[in-house]
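Taking it in order: structure first as structure tokens, then the write-up.
Throughout, residue positions are numbered sequentially from 1 according to the sequence presented.
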Amino acid sequence: MSARSGPPEADAFTRPYWDAAAAGRLLLRHCEACGRAHHYPREFCPHCWSEDVRWRAASGHATLYTWSVVHRNDLPPFGDRVPYVAAVVDLAEGPRMMTEIVECAHGALRIGMELRVAFREATPVFRPAAAPAHPQGPRAPRPPRG
């Protein structure tokens, strides 16, 4: 068994999800029968068992449900990233998703904090909603009003 890095290998079913992620968009499966979204992608609805499910764009909005700061992981590529934040987020559309929190000091993490999706190597990760979409370094101070 060899260690792998990057997103999982796409198959015919999951290819739309990974292609959208590579383009900076988050997709969810949505059930046409009961109206609920779900994640991870499945070919049937886990709520009502309908097979009438479709891909839909997600808003990219989430709140932090729980997290853990990982200080040791010897598997590539994680060893180069420690410490990192493994998390579960509540997506605005309803499902929970396992992910990583980026661009946030560990001490600033709070249950319920608002998050927005970002993408790293075609994989959805989340950052605080207040963080800039494309960090460009420190901002210059604003001139005083008046």
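For the pair Glu32 and Arg56, the salt-bridge criterion is met [side-chain N within less than 4.0 Å of a carboxylate O]. Between Arg120 and Glu100 there is a salt bridge, since a side-chain N of the basic residue sits under 4.0 Å from a carboxylate O of the acidic one.
The closest side-chain heavy-atom distance from Leu27 to Asp19 is not below 4.5 Å. Side-chain contact between Trp67 and Cys104 is absent, with no heavy-atom pair separated by less than 4.5 Å. Put simply, the side chain of His71 reaches to within 4.5 Å of the side chain of Val69, judged on heavy atoms. Two residues are said to be in side-chain contact when any heavy atoms from C-beta on lie closer than 4.5 Å; Glu93 and Ser59 meet this criterion.
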Run the side-chain contact (heavy atoms from CB on, under 4.5 Å) check on Arg54 and Arg29 step by step: do they pass?
-> CA-CA 5 Å; Arg54 306 279 184 263; Arg29 295 292 276 177; 5.6 Å; no

Start with the C-alpha gap between Val89 and Ile101, add the side-chain angles, then the distance that decides, and say whether side-chain contact (heavy atoms from CB on, under 4.5 Å) holds.
-> CA-CA 9 Å; Val89 299; Ile101 305 298; 4.2 Å; yes

Run the numbers on Phe126 and Thr63 for side-chain contact (heavy atoms from CB on, under 4.5 Å), then give the verdict.
-> CA-CA 9 Å; Phe126 283 79; Thr63 56; over 6 Å; no

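Taking each heavy atom of Ala122 and Ala22 in turn, the nearest pair found is CB-CA, 3.7 Å. Shown here for Pro124 and Leu26, the closest heavy-atom pair between the two residues is CG-CD1, 3.9 Å. Closest of all the heavy-atom pairs between Ala10 and Trp18 is CB-CD1, 3.9 Å.
Grouped by direct or indirect side-chain proximity (heavy atoms under 4.5 Å, Ile/Leu/Val/Met/Phe/Trp/Tyr only), Val102 sits with Val125.
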What pairs of donor and acceptor atoms, side-chain ones from residues 80-87 against any protein atom, are under 3.5 angstrom apart with sequence neighbours left out?
from  : atom 1 : to    : atom 2 : distance (Å)
Tyr84 : OH     : Asn73 : ND2    : 2.9

Kindly list each side-chain donor-acceptor pair under 3.5 angstrom involving residues 105-116, sequence neighbours excluded, with atom names and distances?
from   : atom 1 : to     : atom 2 : distance (Å)
Arg110 : NH1    : Gly107 : O      : 2.9
Arg110 : NH2    : Gly107 : O      : 3.4
Arg116 : NE     : His61  : ND1    : 3.1
Arg116 : NH1    : His61  : ND1    : 3.2
Arg116 : NH2    : His61  : ND1    : 3.2

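Ring geometry for Tyr17 against His39 counts as tilted: the plane angle lies between 30° and 60°, on a 0 to 90° scale.
When hydrophobic clusters are built by joining Ile, Leu, Val, Met, Phe, Trp and Tyr residues whose side-chain heavy atoms come closer than 4.5 Å, directly or via intermediates, Val88 is not grouped with Phe78. In the hydrophobic cluster analysis, where Ile, Leu, Val, Met, Phe, Trp and Tyr join through side-chain heavy atoms closer than 4.5 angstrom, Trp55 is grouped together with Leu28.
The side chain to side chain contact (heavy atoms under 4.5 Å, CB included) test with Val53 singles out one residue from Pro46, Cys45, Cys34, Pro41, and that residue is Cys45.
More than 12 heavy atoms of other shown residues, nucleotides or ligands fall within 6.0 angstrom of atom CZ in Phe119. Residue Tyr40 qualifies as open at atom OH: its count of foreign heavy atoms under 6.0 Å is 12 or below.
Looking at Arg96, its side chain never comes within 3.5 Å of a backbone N or O of Asp90 through a donor-acceptor pair.
In this structure, NE2 in His38 is found 9.5 Å from SG in Cys48, a value given to the nearest 0.5 Å.
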